[in-house]
Amino acid sequence: MLPHKQIELKLQAAVCAVLPDADVSAVLVRPCDPKFGDYQSNALMSLAKARKINPRQLATDTLAKLDVSDVCEKVEIAGAGFLNFRLKNSVLAQTLEAAARGEHLFFSQAATPKTVVLDFSSPNVAKPMHVGHIRSTGIGDALQRTLRLLGHRVISDNHIGDWGTQFGKLLLGWKNILDRPALERDAIAELERLYKIINAECDANPARLDEAKAELVKLQAGDAENISIWKEMIRLSQIQFDTIYSRLGVKFDHALGESFFNPWLGEVVNELLAKNIARESEGAVGVFSDGSQPPKEDPFLVNRDGEWAADPALVRKSDGGFNYTTTDLATVDYRLKTWSPNEIVYVVDDRQSGHFKKLFLIFGRWKPAAAKTTKLVHVGFGKIMGDDGKPFKTRSGDTVKLGDLLDEAVERAYKTVCEKSAELPEAQRREIARVVGLGAVKYADLLPNRQSDYIFSWDKMLALQGNTAPYLLYAYARIKSIFRKSAETANIQHPTPNIQLAAPEELAVARHLLNFGLTLEAVADEYRPNFLCNYLFELAVHFSRFFENCPVLKAEDAATRDSRLALCDLTARVLKQGLETLGIETVEQM
RNA sequence: GCGCCUGUAGCUCAGUUGGAUAGAGCAUCUGCCUUCUAAGCAGGUUGUCCCGGGUUCGAUUCCCGGCGGGCGCACCA
């Protein structure tokens, strides 16, 4: 067990001894400013506050019941009632030695593994994947990797947009103005062309719109020709998705598109009607407020000119068609029945938060028992903006295609690699550029707090200094370089390492390594990969200082050298594991 | 109009149960490559945490009211 966890458990026991009825689940030990110690707990102050007792007295009483002398120096009470813990140097070294023997990598498996359905990426058939998809795909994949690393069971499901009204227009276009050679050259571009032309025609000409609707009705009725064209459009789109996902290294367990849930939509609506959760209104069927919460917080109500008016979630249109709320409900039901998850997590643009609020409330009314055991979570994120502060577009004002974006990132990285490492063979420079370019895009997307919009900047993500993927990859490559040199040198052996921490730079790296697991847990709890980005950046900074100040291969003696080699190796392993968890590859040399 | 999100250094952004003197990168200035990769390191400068109240030992964080920005508001997803 990692030292901070030992301290935490003992502290909780001590608090129990002093305050037997206290809820100690919030009594936590967190890393803190090094001037105070390695770890700190401020939980006693809030406990004391709730009980109106003197916090310093509580700290003193707790400390009397607390014996952490096996792992810590003397515990200090500071300020209004902080407890400051400083690890014994020997404990730090032992923890690192255990890691060097492969017993752990500074994190542990979750005590109670969860089953989590992760819904992310969700591109649309017949449309190019664009820059917006990087967010859902990257964040979702990082969460998938983090949860799995911590021992949770993850079912990732790509809820592809393969059904809906747009297919009426696409079918009309396919039948009338399809350019076969163009389709073979670039299927998605051709499908996009069809859609744009027909869409414009429909806007201008109601008769054309009726034709499109007729094609859609035929498709929904199972017309053989329309079904086969529709399937072909899905197949062509899937090729595009697969190409992108393979470049990004993203994998899904399932890709159950919207159409998969078609058979159950009518049933869902009937059930909602039967249970009086939904009712008819203006020919459509919708779920309305049940008055269970104050109007201000009720998403089924909207205030118009001082009056509270209904703002229902429609589940069946007046023409008999279904809405995406219906599909999402059928999807929830399927997931419950198939995987019995503890959580279903949707990694979707924040703009859809209203939809999810309604969806989750309907779920609670529709499946009250399941709602007690399964938590639905919307992990939202902001938009990507251009440097003009407006949504990120190409110069000509089009959306930026994801494939083009990745190409450009790799190309820009290639130019830099050629400047910095001209001596490396061409193929290796290409490979470095691929890893650095893709890594830079992913890292830049994961670094900001997901809920805020961020400004997309080639220069920032590939500037190769500061908090960027290239900086982290560079730190990793520098470590690997030491080991290449070490292998070249005769007479150097690395037996079971005996870790000795003396220099402040060594201690800083060592302490930071110990917090890897805490960081992973925070990422999983809050669904925030940016915590891991910042952790890895700090690790790289600590390592770079160590690298500058502490010679490894030229250390004063063999014991120091071997200890430092072990520290290098552990740093490399955490960097690699951490980057991998963000979906970013590493290179041995750059 | 109503609701949701947001406002932190010149710029781009972090800020983990409310916690100690609010941090990083960029930019800018100054040093450091016959020594393991200088895509690096060391140091200097940088703040009305939008404004005003409230809660309390303590507020960038929580509550209320303003102001500014973004987004969403019945048959698209």
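We name chains A, B, ... by the order of the sequence lines, and we start the count at 1 in each one. Just so you know, these numbers use all the heavy atoms, side chains as well, and skip hydrogens, waters and symmetry mates.
Below 30°, between 30° and 60°, or above 60°: for A:His355 and A:Tyr324 the angle between ring planes is below 30°, a parallel geometry. Note on ring orientation: taking the six-membered ring where Trp is involved, the planes of A:Trp458 and A:Phe456 are perpendicular (angle over 60°, cut-offs 30° and 60°).
A salt bridge links A:Arg434 to A:Glu585: one of the charged nitrogens lies within less than 4.0 Å of a carboxylate oxygen. For A:Lys5 and A:Glu8, the salt-bridge test passes: some basic side-chain N is under 4.0 Å from an acidic carboxylate O.
Regarding contacts with the backbone of B:C76, every side-chain N or O of A:Asn323 stays at 4.0 angstrom or more from both OP1 and OP2. A:Arg545 has a side-chain polar atom (N or O) that falls below the 4.0 Å cut-off from OP1 or OP2 of B:A42. Remark: A:Thr325 is not in phosphate contact with B:A77, judged by side-chain N or O atoms under 4.0 Å from OP1 or OP2. Of the side-chain N and O atoms in A:Tyr471, one or more sit less than 4.0 angstrom from OP1 or OP2 of B:C41.
Listed candidates were B:C36, B:G25, B:G72. Nearest to the side chain of A:Arg351 is B:G72. In this structure, the nucleotide among B:A14, B:U12, B:A20 sitting nearest to the side chain of A:Asn449 is B:A14. Taking the side chain of A:Asn534 as heavy atoms from C-beta on, and the options B:C4, B:C36, B:A14, the nearest nucleotide is B:A14. Relative to the side chain of A:Asn530, the nucleotides B:G1, B:C36, B:G15 differ in distance, and B:G15 lies closest. Comparing B:G19, B:A77, B:U12 against the side chain of A:Gln352 picks out B:A77 as the nearest. Ranking B:G40, B:A20, B:U16 by closeness to the A:Arg478 side chain, first place goes to B:G40. Minimum atom distance to the side chain of A:Val302 is reached by B:C2, of the listed B:U12, B:C2, B:G19. Looking at the side chain of A:Ile482, the nearest of the listed nucleotides B:G72, B:G40, B:C36 is B:C36. Between B:G40, B:A20, B:C76, one nucleotide has an atom nearer to the side chain of A:Gln40 than all others, and that is B:A20.
If you take atom P in B:G44 and the same atom in B:G23, they sit 14 Å apart, rounded to whole Å.
Annotation: of the two residues near RNA chain B, A:Ala540 and A:Trp163, the 5′-most nearest-nucleotide partner is A:Ala540.
Below the 3.5 angstrom threshold, one finds no donor paired with an acceptor across the side chain of A:Thr468 and the base of B:A39. A donor-acceptor contact under 3.5 Å links the side chain of A:Asn84 to the base of B:A20.
Among the atoms of the strands shown, only primed sugar atoms or phosphate atoms (P, OP1, OP2) are found under 4.0 Å from some heavy atom of A:Tyr454. Using a 4.0 Å heavy-atom criterion, one finds that A:Gln451 contacts the sugar-phosphate atoms exclusively.
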Exercise for the section: Using the side-chain hydrogen bond (donor to acceptor under 3.5 Å, both in side chains) rule, take A:Asp387 and A:Ser457 through it: C-alpha gap first, then chi angles, then the decisive distance, then the call. Expected result: CA-CA 7 Å; A:Asp387 47 20; A:Ser457 160; over 6 Å; no
Exercise for the section: Tell me, with the steps shown, if A:Arg528 and A:Asn449 meet side-chain hydrogen bond (donor to acceptor under 3.5 Å, both in side chains). Expected result: CA-CA 7 Å; A:Arg528 289 188 191 278; A:Asn449 182 329; 2.7 Å; yes
Exercise for the section: List the steps and the verdict of salt bridge (charged side-chain N to carboxylate O under 4.0 Å, His left out) for A:Arg135 and A:Asp349. Expected result: CA-CA 8 Å; A:Arg135 301 229 69 188; A:Asp349 192 323; over 6 Å; no
Exercise for the section: Evaluate the side chain to side chain contact (heavy atoms under 4.5 Å, CB included) criterion for residues A:Thr326 and A:Leu314: first the C-alpha distance (whole Å), next the side-chain angles of each, then the deciding distance (0.1 Å), finally the verdict. Expected result: CA-CA 8 Å; A:Thr326 329; A:Leu314 296 191; over 6 Å; no
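Stacking of A:Tyr324 onto the six-membered ring of B:A77 is present: less than 5.5 angstrom between centres, less than 30° between planes. Both stacking criteria are satisfied for A:Phe36 over the base of B:A20: a centre-to-centre distance under 5.5 angstrom and an angle between ring planes under 30 degrees. For A:Phe547 and B:G40, the ring-to-base geometry does not satisfy the stacking test (centroid distance below 5.5 Å, interplanar angle below 30°).
Nucleotide B:C26 forms a Watson-Crick or G-U wobble pair with B:G10, both donor-acceptor distances falling under 3.5 Å. Across all strands shown, the partner of B:G3 is B:C71, judged by Watson-Crick or G-U wobble contacts whose two distances both fall under 3.5 Å.
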So which protein N/O to nucleotides 27-35 of chain B N/O distances come out below 3.5 Å?
from  : atom 1 : to       : atom 2 : distance (Å)
B:U35 : O2'    : A:Lys554 : NZ     : 2.6

Between protein and nucleotides 56-62 of chain B, what N or O pairs are separated by less than 3.5 Å?
from  : atom 1 : to      : atom 2 : distance (Å)
B:G58 : O6     : A:Lys49 : NZ     : 2.8

Pairs: protein N or O with nucleotides 68-70 of chain B N or O, under 3.5 Å:
from  : atom 1 : to       : atom 2 : distance (Å)
B:G70 : O2'    : A:Lys383 : NZ     : 2.8

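In this structure, B:C33 is classed as syn because its glycosidic torsion stays within 90° of zero.
In this structure a side-chain-to-backbone donor-acceptor pair under 3.5 Å is present from A:Ser41 to A:Leu28.
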